Amino acid sequence: MANIPFDERDGFIWLDGKLVPWREATLHVLTHALHYGSAVFEGERAYNGKVFKMREHTERLRRSAELLDYKIPYAADEIDAVIMATLKANNLKDAYVRPIAWRGTETLGVSALQCKIHLAIACWEWPSYFSPEARAKGIKLMMSPWARPAPTTAPTAAKAAGLYMICTISKNKAEQQGYSDALMLDWRGYVAEATGANFFMVKNGALHTPPIDCILNGITRLTVMDLARQRGIEVIERLFKPEEIENADEIFLTGSAAEVTAVGQIGDWRFTPGPVTAQLAEAYEKLTRE
Ligand code: PMP
């Protein structure tokens with residue numbers, strides 16, 4: 001599947017109220033979202049037929065739209081039911097789920113008050129975000145030259161397509177230089193997050209992770225923080241500069257796609273995947289597959 005373009009696959013995608021054959025889930029080139037970045041989306045995983053934290057993802061999707069000043073015309077219950085129906089139509093039990101909402105074609109200008117709101121749900125098999133070899137050693141991160149914007153510059157709490165422009169530039173550059181991903185600082189120079197995952201460092205047995213003022217408040221992040229607390233591991237949300245990372249005991253990333261992934265290198269700094277990461281990765285794996 002990995003090399004088949006996304007528009008040349010088979011199956012069904014739910015689009016604006018009905019399941020349509022995969023290749024027919026198309027839009028017009030003069031769609032507002034394509035020109036002005038007005039889409040919001042989610043990334044979730046189904047494990048053995050059950051979507052982990054589906055309602056939290058659905059609620060974040062609806063909230064993301066509200067942060068971009070529109071309302072998704074489906075209730076949370078309806079969206080959840082559609083996700084399950086799409087998995088079933090594609091005969092998938094272990095899958096990645098991608099809901100996306102966007103402004104349509106009624107006007108094409110910055111103003112979008114007349115644009116209809118659309119919603120689509122797609123799902124497909126997607127085993128691991130990072131390669132198994134990279135995960136075993138800990139992935140390599142490059143420092144991104146791009147900073148996460150201030151919450152007064154962009155709707156940073158939304159999982160909005162437009163915010164991924166700098167993530168794509170950063171991740172492409174990282175991959176071109178032999179890294180798996182890029183670590184972004186925020187507009188003040190504090191450690192923020194990777195291009196599609198949250199950042200944790202372990203120091204003297206405690207977890208340190210940035211607060212949510214200009215990063216995505218990951219659902220995996222919240223889950224892993226809970227798992228840590230349940231195991232007596234202290235969780236500290238605070239701002240820290242990259243210099244503090246150098247003497248961390250362990251580093252890992254969290255995300256629905258990335259799950260819990262150990263980091264082995266950031267720029268020239270090296271880290272060894274350690275027991276806290278292993279414990280939390282195992283706990284997360286168990287919880288998602290319950
Ligand atoms: N930060 C960014 C920028 C992301 O794209 C993601 C993936 N959605 C995350 C963090 C992790 O969020 P979650 O745990 O909800 O998947």
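Small disclaimer: the values here were computed from a predicted structure and weren't measured. Throughout, residue positions are numbered sequentially from 1 according to the sequence presented. Both ligands and their constituent atoms are indexed starting at 1 by order of listing.
For ligand 1, the polar-atom distance check finds an N/O of Ile219 within less than 3.5 Å of one of the ligand's N/O atoms. Residue Thr254 places no N or O, backbone or side chain, under 3.5 Å from any N or O of ligand 1. Looking at ligand 1, you won't find any N or O of Asn217 less than 3.5 Å from one of its N or O atoms. Considering backbone and side-chain atoms alike, Arg148 places every N or O at 3.5 Å or more from each N or O of ligand 1.
Distances below 4.0 Å separate heavy atoms of Tyr164 from the following atoms of ligand 1: 2 (C), 3 (C), 4 (C), 5 (O). Atoms of ligand 1 lying under 4.0 Å from any heavy atom of Glu193, numbered from 1 in the order shown and given with element: 1 (N), 2 (C), 3 (C), 10 (C).
Looking from atom 12 (O) of ligand 1 to the surrounding protein, the closest heavy atom is Gly218 CA, 3.3 Å. Nearest protein heavy-atom contact of atom 11 (C) of ligand 1 is Asn198 OD1, 3.6 Å. Of the protein's non-hydrogen atoms, the one nearest atom 8 (N) of ligand 1 is Lys159 NZ, 2.8 Å. Considering only non-hydrogen protein atoms, atom 16 (O) of ligand 1 sits nearest to Ser256 OG, 2.7 Å. Remark: minimum distance from atom 14 (O) of ligand 1 to any protein heavy atom is reached at Thr220 OG1, 2.6 Å.
Side-chain contact check for Thr220 and Thr254: no donor-acceptor pair (N or O, by modelled atom type) lies under 3.5 Å. Counted by atom type alone, Tyr164 and Lys159 present one or more donor-acceptor pairs between their side chains at under 3.5 Å.
Summarising the local packing, CD of Gln114 is surrounded by 12 or fewer heavy atoms from other residues, nucleotides or ligands at distances under 6.0 Å. The 12-atom threshold is exceeded at CG of Asn247, counting heavy atoms of other residues, nucleotides or ligands nearer than 6.0 Å.
Which of Ala192, Gly255, Gly196 comes nearest to atom 6 (C) of ligand 1 through a heavy atom is settled by distance: it is Gly196.
Under the 6.0 Å distance and 45° angle rule, Arg98 does not count as a cation-pi partner of Tyr96.
Taking 4.0 Å as the cut-off between side-chain N and carboxylate O, Asp213 and Arg188 count as a salt-bridged pair. Under a 4.0 Å N-O distance rule, the pair Arg289/Glu282 does not qualify as a salt bridge.
Among residues two or more places apart in sequence or in another chain, the side chain to side chain contact (heavy atoms under 4.5 Å, CB included) test is passed with Val276 by Val202, Leu207, Ile233, Glu250, Leu280.
The closest approach between any non-hydrogen atom of Glu42 and ligand 1 is not below 4.0 Å. Within the 4.0 Å heavy-atom cutoff, Ile215 does not count among the residues contacting ligand 1.
With a 4.0 Å heavy-atom cut-off, ligand 1 is reached by no atom of Ala257. Of the heavy atoms in Glu44, none comes closer than 4.0 Å to ligand 1.
Taking the six-membered ring where tryptophan is involved, the planes of Phe199 and Phe240 are tilted, since the angle between them lies from 30° to 60°.
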Verdict with supporting geometry, Phe252 and Phe271, ring pair (Phe, Tyr, Trp, His ring centres under 6.0 Å): CA-CA 10 Å; Phe252 63 87; Phe271 307 93; over 10 Å; no
